[in-house]
Every structure is written in structure tokens, then in C-alpha cells.
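One structure below.
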Protein chains: 2
Amino acid sequence: MRTSDTHIGFADLVLHLKERFESVGADPWIAACLAENCALCEQAGTLSHGVFRMKGYLNSIASGWVDAKAKPDLNRVSQSFLRVNGRNGFAQPALVRARSELLRMVDETGVAVLSMCNSHHFSALWPDVEPFADLGLIALSTATGGTSVIPPGGNRKVLGTNPIAFAAPVKGGPSFLIDLATAAMSQGDVTIARNEGRSLPMGIGVDHGGQPTSDPSEILSGGGILPFGGYKGTALSLMVEVLASALSGGQFSHQVDFSNHPKAETSRTGYFLMLIDGGRGQDLPINERTMEFFHAVRAAGVERLPGDRLHAARRRAQTVGIPITETIRDFLAQ
Amino acid sequence: MRTSDTHIGFADLVLHLKERFESVGADPWIAACLAENCALCEQAGTLSHGVFRMKGYLNSIASGWVDAKAKPDLNRVSQSFLRVNGRNGFAQPALVRARSELLRMVDETGVAVLSMCNSHHFSALWPDVEPFADLGLIALSTATGGTSVIPPGGNRKVLGTNPIAFAAPVKGGPSFLIDLATAAMSQGDVTIARNEGRSLPMGIGVDHGGQPTSDPSEILSGGGILPFGGYKGTALSLMVEVLASALSGGQFSHQVDFSNHPKAETSRTGYFLMLIDGGRGQDLPINERTMEFFHAVRAAGVERLPGDRLHAARRRAQTVGIPITETIRDFLAQ
């Protein structure tokens, strides 16, 4: 895909982003990894985690808050359980480093769990799980982050937006893909709404007094986002803190403290990934079972499944290029 | 705890229930397992899955729909992955049979996944995961069931209430416990509302035309329950179908067909359980980490955490006995 006035090719965007990561001191290999991850989000229409995030990435790296040269420690503490210390680096390059060990674990035992501490996850989760589903595995991941969520009844922020991602192979189609914040809205989307001067539906967040508000500025300054789905979403958000932070020994969302580091935007917390090889001891391949199931769901009138919009945006971008938004234009002009 | 006019002791209730299970032909050991499970739900105030369920259990067994003498097949297809064929029996006795193998797997590899097909799960999920958390493990389980849920945009029921349960150890207190239907309300609670003549809040379900309704009768006859939390709850419900049914080779919720068996009330589908030994390679025990975390959440003003109500009801029942509801009185009088 060639770059034009209105669209940019994927490889072009990756090169631009990689250069910028390197310009603030990132290891070239880590720069490439983060650039590709960011471009994948932009390409698939996950704009809240695409180029929009670059300022935060670059500020955090340039100011020394996060180490973009970190070499993660990998420690296979038991046959199916890999502990990773991100050593204050980003989660994505650590995941790439862990990949061959994870695949060996799944091959040997059918299951692999990765538990990571001391890592920064500033992107969407779906790019972490999709490649494993594309290999035929089931993948589930969660991550904590800085506090932005006030649980119902609470008087201050104590939870991250705490996303959950899930991917599974589907015969004859792209992998089934879920990536959802357990917050009623992601921090990124609230910020975009504020930047665009849009108000939000009630139920997304509360102001500094804990009262419901539709103003994203009030939610972001002193208030907080609510979990989605009331007490059930709250329960899942708590589960994410246990899986990503209690299990890994990483910081909980509420322990992330930016106060003495004004340029810091990424959260050093914890991360969880589980892989299952569903092919073991099964007559009918799992990707045929999922194909059959999603066919039935669509036949019941459900027009859009999780991941559909993402896959469609990516297909479009693969044909005509990635739309150059104002965010991209401003970023490239800097 | 002694039985009185208003309360019944746990052991007494188990004996009554066991007798009834045996009277319809259940293997004594399976009868004991199901009776204890049902009494545990009643004791903890999970009334929708307590004695209220007995009629469904007994009809399903007596009519030959489910096999209450089934001997499950266990097959450890890889080091960390146990496949179980429930052979048309209940999931709970199969889980008890699998328990020692699961604990061996966790001991050997740090992780165990159980994937079960051909099983009926007619109870709450929390009794499955809590005992593992009480041993210091993290446990996650999901199950599918007969269709009762219409996803947003759908024109017919295609999903089960598809619960997710999660448990983790907490130092100095009972285990952290989540058990939530990905439906806006469990089928049991909608049925109780109908039986009690109560109307429901809007957003719980739709009528046969897919229109929102507050009438539980309309939801149960021709209509359907909605997933909780809009498209996010829907996504998690789809995830449950993949984990519990696609992975296991069991029936999906939409494949359960009661139409030629009027006495059938339990669903033959699939089941998923994952266990992680969080103690591996961790300096600070996970139960201290969770204790620290939940303390912080309570300090932020959150008065009730998932599991609190259940633990409190159980403590009360352990002191004064299980309250004899009208459901229990009617059941014991039969």
C-alpha cells in the first residue's frame, strides 16, 4: 500500500513511528516492536491506542520513566508457568522475547501461563492475543494500569480500566477477538471525547464528588470512570487486579504514582496471559466448532460480533491504506 | 447446628436432600455430592441454586434425561490439560472424581485446565472454585447451559446465562469469590420473580418480539434475557461458549433441545475449569497480595465486595441454621 495525501501505508507508518521511538533512546528492536504494535492498532481502527498514544509513549521514555532498553527476565518456574520481570520496560517486547518459550510450554503441556511484573502496557490487548489464535490456540490476557475507575460506592479511584482480551481460532475466517475495558469506557476514549468537546452518556463516569456526570473533563480531572455493567463489571475488574498484579507481584493499579514525574504517562503494573492448545484429545478441531457456533449466532440475527469492526477496518486499510487522521497529520508534522 | 421450627441444620438438610436424590435412582455417592452442593448454595443464600432447584434435579433424573449413576471418563491429554467426558452425568461429581488428578497436575506443572463435555451443571459455580482457593490456588470456571439469552440485535435465544466464577485466596479471611451470570439476571432469579409475581427492572429481558419488558413471564415464555452490560457482557458470554463448549466438544447452549423430553430441566453442555498455583517463584505469598489489595479497595469506600454477602449468610447459617423458606417447607413436606 502506497502513501497518499489521505492515506498512509502500514509499513510507512511503522517506519515513521520506529524512528520516533529511536529518537528518544529506545533500543532499535524495541522501537520496531512498539512501532508495529501502535501501527496495528491504528490500522484496525483502534484509534484510542494508535498514533494518539505516541505523545505518552515518547514523554514516558524520554523522561526516563520507562526503560525502552529493558531486557526482561524470563523464569519458567514450573512446566506451564512462566514468570517475567519486565524490568521497567514495555510489556510488548517482553512478550515477543517470551514467545518461543510460551510456544514450547504449550507444546509440552498443552497450557502456558505468563505472569509479568514491572511492565508497562500502554496499548490495546488484542494484538497480544490474536497471533496465538492465528496459530490455533485459545488466548486470554489481562493487564492493570494507573487508577481511573471508581467502583460503585467508592469515594476515590482505586482500579485501572483493567481490560480483558480473548482470542480463539475460527475456521475460514479471522480469529474471534474480544478486547474490552472493564471500565464503562477506556481512558483513551474519554480523553478523545474531551479533546473533541463531546459529552458522554450518563453512566460512564462520576465527578470529584462521586456524582454522575456527562462531562469528560470532570471525569478526567478529579472524578473517575465507572466500571461497566454495575457490580458484575466491578467484580471482573477486581479479578483483573488479582490475575495481573497479585499473581505477578507487580504493582496494583492504585499503587501507580505519577505525582513526582510530570512527564510520565505509562503505568508500571502487571500482566497476565494464558494459552491453551484446544486441539489436544479432541476429535473435531476447535476452529470448526467455533465456526459452527458463530454461524449459529449470526443466524439468530446478530449482525456484528466482537472483532468484526476491527477486522473490517484492517481489511480496508490493507487495500487503501490507513486513513490519515488529524492526529496522524499533526504527529507526522512535528 | 440443630434443626428448629424456623431453621434447619446443614447436615440435616444434606441428609434430606441425599435421600431424595437416592429415591429417584442416584448413585449414593453422587446423591451425597449433589445434596451437599445444593445445601451449600442454600446455606450461603444462593437461593436460586439451592432447594429451589430440587424439582428440576429430580424430574431430570427420574425421567432418565440425566444419568445420576454416570462414571465420568478422565483423560489427561497433556501434562496440564485434563479432558473429562461426563457421560451424561452431573458436572459436580465428575469434578470430585477429577480433583486428585487436578491437584497432581497443578503440583507438577503449576497450572491445570479441565475441559468437560457431556455434563449437566444445574448449580451455582462458586462451590466448584472456592475449595481450590481455600487451598491457595487461583481458580476460574465457566459453564454453558440451555438457551435463555438473546444477544442485542438478535431475534431468538442463542446463548445460555453462561456464568463465570473466580476465586482467589486472601490471607486472614475467606477466599475472594466471584460468581456472575453473563446474563443480566440468572434464569433462576427471573423464575423466582415470576413465581413471586414481581416485575423486573427494564434492561433485564425482552419479550417474544424482541421488545424490552419488565414482566418475567414474558421473558420466560417466548422472550429472552439480555446479556449484562450491553456488548461487553455479550462478548464475555460468547467467550464462555468457546471455553466451555467449543474447547470441550460439548454441546453449545443453542444445541440443547428439551422439546422431546417434557420432564427435562438440566442442560447437557460443557464446562471449563482452570487452576493456577500462584505461589511458584513469588517472594510475597499471593494471599498477602490479595489481602493488601482488597484492604485498599475497602479503604476507598467500597463497602461490599463480591462474595461478602455469601460469606456473611453462611456464617449466620453456621450459627443459627439455614432459614426454612417456603420453598424448603414445601419440599420437606412432599
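Both backbone and side-chain heavy atoms feed into the values below; hydrogens, waters and symmetry mates do not. Chain identifiers are assigned alphabetically (A, B, ...) following the order of the sequence lines, protein sequences preceding nucleic acid strands; residue numbering begins at 1 within each chain.
- Per-residue counts of heavy-atom pairs under 4.5 Å with chain B were compared for Gly230(A), Ser115(A), Gly154(A); the largest is that of Gly154(A).
- Looking only at distances, a side-chain donor or acceptor of Gln282(B) sits under 3.5 Å from a matching main-chain atom of Ala246(A).
- Minimum interatomic distance between Val302(B) and Pro151(A) (heavy atoms only, all atoms of both residues): CG2-CG, 3.6 Å.
- Proximity to chain B (any heavy atom under 4.5 Å) is restricted, for Leu140(A), to the side chain, taken from C-beta onward.
- When heavy atoms are compared at a cutoff of 4.5 Å, Asn287(A) does not approach chain B at all.
- The backbone N or O of Ala183(B) lies less than 3.5 Å from a partner atom in the side chain of Lys232(A), making a donor-acceptor pair.
- The most heavy-atom pairs under 4.5 Å with chain B, out of Ile286(A), Leu284(A), Ile150(A), Thr290(A), come from Ile286(A).
- Heavy-atom distances place no part of Asn75(A) under 4.5 Å from chain B, backbone and side chain included.
- Only the side chain of Ala168(A) comes within contact range of chain B, with at least one heavy atom under 4.5 Å from a heavy atom of that chain.
- Closest of all the heavy-atom pairs between Ala235(B) and Ile178(A) is O-CD1, 3.0 Å.
- Contact record, Asp277(A) with Phe81(B): O-CE2, 3.4 Å, taken as the closest heavy-atom pair.
- Both the backbone and the side chain of Ala299(A) come within less than 4.5 Å of a heavy atom of chain B.
- Arg83(A) contributes a side-chain N or O that, together with a main-chain N or O of Gly281(B), makes up a donor-acceptor pair within less than 3.5 Å.
- Annotation: maximal heavy-atom pairing with chain A below 4.5 Å, among Leu243(B), Thr234(B), Ile164(B), Leu159(B), occurs at Leu243(B).
- Residues His254(A) and Phe293(B) have side chains in contact (heavy-atom distance under 4.5 Å, counting atoms from C-beta outward).
- For Arg289(A) and Phe252(B), the positive end sits near the middle of the six-membered ring, less than 6.0 Å away and at most 45° from its axis.
- Highest contact tally toward chain B, considering only Met274(A), Glu288(A), Glu303(A), Arg304(A), is held by Met274(A) [criterion: heavy-atom pairs under 4.5 Å].
- For Ile276(A), the part lying near chain B is the side chain, with the backbone staying farther off; criterion is any non-hydrogen pair under 4.5 Å.
- Among Gly233(B), Pro152(B), Gly153(B), the residue making the largest number of heavy-atom pairs under 4.5 Å with chain A is Gly153(B).
- Contact tally against chain B (heavy-atom pairs below 4.5 Å) for Ser80(A), Ser245(A), Ala296(A): the top residue is Ser80(A).
- Here the closest non-hydrogen pair linking Glu108(B) and Gln79(A) is O-CG, 3.8 Å.
- Of the two parts of Ala184(B), only the backbone, made up of N, CA, C and O, holds a non-hydrogen atom closer than 4.5 Å to a non-hydrogen atom of chain A.
- No part of Met105(A) comes within reach of chain B, as not one of its non-hydrogen atoms sits under 4.5 angstrom from that chain.
- Interface check for chain A: of the options Gly301(B), Pro306(B), Gly278(B), Ala300(B), the most heavy-atom pairs under 4.5 Å are formed by Ala300(B).
- Of the two parts of Ser248(A), only the backbone, made up of N, CA, C and O, holds a non-hydrogen atom closer than 4.5 Å to a non-hydrogen atom of chain B.
- The heavy-atom pair separating Val297(A) from Val158(B) by the smallest distance is CA-CG2, 4.1 Å.
- Residue with the most contacts toward chain A among Ala112(B), Gly250(B), Gly307(B): Gly250(B) (heavy-atom pairs, distance under 4.5 Å).
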- [ ] Give the intermediate values and the outcome of side chain to side chain contact (heavy atoms under 4.5 Å, CB included) for residues Glu292(B) and Gln255(A).
- [x] CA-CA 11 Å; Glu292(B) 173 192 7; Gln255(A) 295 175 318; 2.9 Å; yes
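- Ile138(B) touches chain A through its side chain: at least one heavy atom from C-beta onward sits under 4.5 Å away, while N, CA, C and O do not.
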TODO: Report the C-alpha distance between Leu305(B) and Tyr231(A) in whole Å, list the side-chain angles of each, state the deciding distance to 0.1 Å, and finish with yes or no for side chain to side chain contact (heavy atoms under 4.5 Å, CB included).
DONE: CA-CA 9 Å; Leu305(B) 290 177; Tyr231(A) 78 93; over 6 Å; no
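- Residues Leu236(A) and Phe166(B) are not in side-chain contact: their nearest non-hydrogen atoms beyond the backbone lie 4.5 Å or more apart.
- Comparing Cys117(B), Gly249(B), Gly229(B), Gly279(B) by how many heavy-atom pairs each has under 4.5 Å with chain A, the most go to Gly249(B).
- Of all heavy-atom pairs spanning Thr109(A) and Ser78(B), the tightest one is O-OG, 2.8 Å.
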